[in-house]
Amino acid sequence: MPEGPSIVILKEAVQSFAGKKIMAALGNSKTIDFQRLTGKKIIEFKSWGKHFLICFSDFTIRIHLLLFGSYRINERKETPARLSLHFKKGELNFYACSLKIIERPLDEIYDWTADVMNECWDPKNALKKMKSHPGMLVCDALLDQQIFSGVGNIIKNEVLFRIRIHPESLVGKLPSPKMKALTTEAVNYSFQFLEWKKEFTLKKHWLAHNKKTCPRDHVPFRKEYLGKTNRRSFFCTICQLKYV
DNA sequence: AGTAGTGTTCGGCC
DNA sequence: TGGCCGAACACTAC
């Protein structure tokens, strides 16, 4: 489910509920006051990276699907919903997700230029942020939601393979064209991810993630748990250069 | 059939 | 004070 492009798919899928009034709200969430939602009109749906945002006139529900979260539109699962929104016609159900009410205006909270899928995305800001952390590993930089909001582990592995950079390269040691390629490919692959996910052909197009052999050099991929968060990294030690 | 993982937060511990 | 670690979430795919 949950990398940025999947949230864009969710946002598109729920558009019919934009502008609609919530007739009833329920679920097993401990952080949501369901009373507050009933009778409220959804102004619009937004997203920031992996955050899905349901906007009302005076507050916003932030939904994060984490690793296992899921949703159903006009359908229900067996398990109890964390948040279930009922409309005059249809319903929207979320499961195993993290919910939070945001009271402040979103523009005060979110840097829209950091979201690789957003039209406000600005690579100059990403470059500036990376330059302020020269000792950071590129694998950590790509997963840093303040720099590349929406990028997850699959996108990280695919981007680094495509631009031939070793995940343990230091941000400050990347030649400037490689820095640029990082920002360009993070966006480019995210939109390819979006299209392939819609076609249900995402996995078929993986070149590195979960793969055994490098398609360029025909040698085994390294599989290591790297970076601050010890996430799975698949990389080729021949074609992916380590800048240190 | 068991296990790891597209992610993040939080609390405990050193 | 801060960084590191495990737990929690609950399901699917290999």
*Asks:* With a 4.0 Å limit, can you tell me whether A:Lys50 has a side-chain N or O closer than that to the phosphate oxygens OP1/OP2 of B:dT8?
*Replies:*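 Checking A:Lys50 against B:dT8: at least one side-chain N or O falls below 4.0 Å of OP1 or OP2.
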*Asks:* Of the nucleotides C:dA10, C:dC11, B:dG7, which one has an atom closest to the side chain of A:Pro2?
*Replies:*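 For the A:Pro2 side chain, the nearest candidate turns out to be B:dG7.
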*Asks:* Under 4.0 Å, heavy atoms only, any strand: does A:Thr229 hit a base, just the sugar-phosphate, or nothing?
*Replies:* nothing
*Asks:* How long is the line joining OH of A:Tyr225 and P of B:dT3, in whole Å?
*Replies:*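 Going from A:Tyr225 (OH) to B:dT3 (P), I get 14 Å.
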*Asks:* A:Phe234 has an atom CZ; how far is it from atom P of B:dA4, in whole Å?
*Replies:*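 Checked: the CZ to P distance equals 13 Å.
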*Asks:* For A:Trp196, is the NZ or CZ atom of A:Lys203 found under 6.0 angstrom from the centre of its six-membered ring and inside 45 degrees of the ring axis?
*Replies:* no
*Asks:* Nearest nucleotide by nearest heavy atom, which residue falls closer to the 5' end of DNA chain C, A:Asn210 or A:Ala96?
*Replies:* A:Ala96
*Asks:* Regarding A:Ser57 and A:Lys41, do their side chains bring together a donor and an acceptor under 3.5 Å, going by distance alone?
*Replies:* no
*Asks:* Does a nitrogen or oxygen in the side chain of A:Arg82 sit under 4.0 Å from OP1 or OP2 of C:dC9?
*Replies:* no
*Asks:* Going by atom types alone, do A:Asn93 and A:Arg72 pair a side-chain donor with an acceptor below 3.5 Å?
*Replies:* no
*Asks:* List the steps, then state whether side chain to side chain contact (heavy atoms under 4.5 Å, CB included) holds for A:Val8 with A:Phe191.
*Replies:* CA-CA 10 Å; A:Val8 170; A:Phe191 280 94; over 6 Å; no
*Asks:* Tell me what A:Lys203 touches on the nucleic acid: a base, only sugar-phosphate, or nothing, going by heavy atoms under 4.0 Å.
*Replies:* sugar-phosphate
*Asks:* Give me the distance, rounded to whole Å, that separates C:dC9 from B:dA1 when you measure between the P atoms they each carry.
*Replies:*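 Approximately 26 Å lies between the P atom of C:dC9 and that of B:dA1.
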*Asks:* Once you round it to whole Å, what is the distance between C1' of C:dA10 and NZ of A:Lys77?
*Replies:* 8 Å
*Asks:* So what's C:dA10 paired with, Watson-Crick or G-U wobble, going by both distances under 3.5 Å?
*Replies:*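 By the stated definition (distances under 3.5 Å), nothing pairs with C:dA10.
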*Asks:* In whole Å, what is the span from the CZ atom of A:Phe68 to the P atom of B:dA4?
*Replies:*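 Distance, rounded to whole Å: 12 Å.
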*Asks:* Does C:dC11 have OP1 or OP2 sitting under 4.0 Å from an N or O in the side chain of A:Thr79?
*Replies:*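 So the side chain of A:Thr79 is within the cut-off, an N or O lying under 4.0 Å from OP1 or OP2 of C:dC11.
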*Asks:* Under a 3.5 Å cut-off for both distances, is B:dC13 Watson-Crick or wobble paired, and to whom?
*Replies:*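 Its partner is C:dG3.
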*Asks:* Over how many whole Å does the gap from A:Asp140 atom CG to B:dT8 atom C1' extend?
*Replies:*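 To the nearest whole Å, that distance equals 15 Å.
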*Asks:* Send over the distance from A:Lys204 NZ to C:dA13 C1', rounded to a whole Å.
*Replies:*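 The distance from NZ of A:Lys204 to C1' of C:dA13 comes to 18 Å, rounded to the nearest Å.
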*Asks:* From the list C:dA10, B:dT6, B:dT8, which nucleotide is the closest neighbour of the side chain of A:Leu66?
*Replies:* B:dT8
*Asks:* To the nearest angstrom, how far is A:His64 atom NE2 from C:dA8 atom P?
*Replies:* 20 Å
*Asks:* Choosing from C:dC9, C:dC11, B:dT6, which nucleotide comes nearest the side chain of A:Phe193?
*Replies:* B:dT6
*Asks:* Does a side chain donor of either A:Trp48 or A:Asp111 reach within less than 3.5 Å of an acceptor in the other side chain?
*Replies:*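 No, no side-chain donor-acceptor contact under 3.5 Å.
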*Asks:* A:Leu67 has an atom CG; how far is it from atom C1' of C:dT12, in whole Å?
*Replies:* 10 Å
*Asks:* Check every strand shown and say whether A:Lys228 touches a base, only sugar-phosphate, or nothing at a heavy-atom separation below 4.0 Å.
*Replies:*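 Contact class for A:Lys228: none.
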*Asks:* Between A:Lys156 and A:Ser233, do the side chains contain an N or O donor and an N or O acceptor separated by less than 3.5 Å?
*Replies:* yes
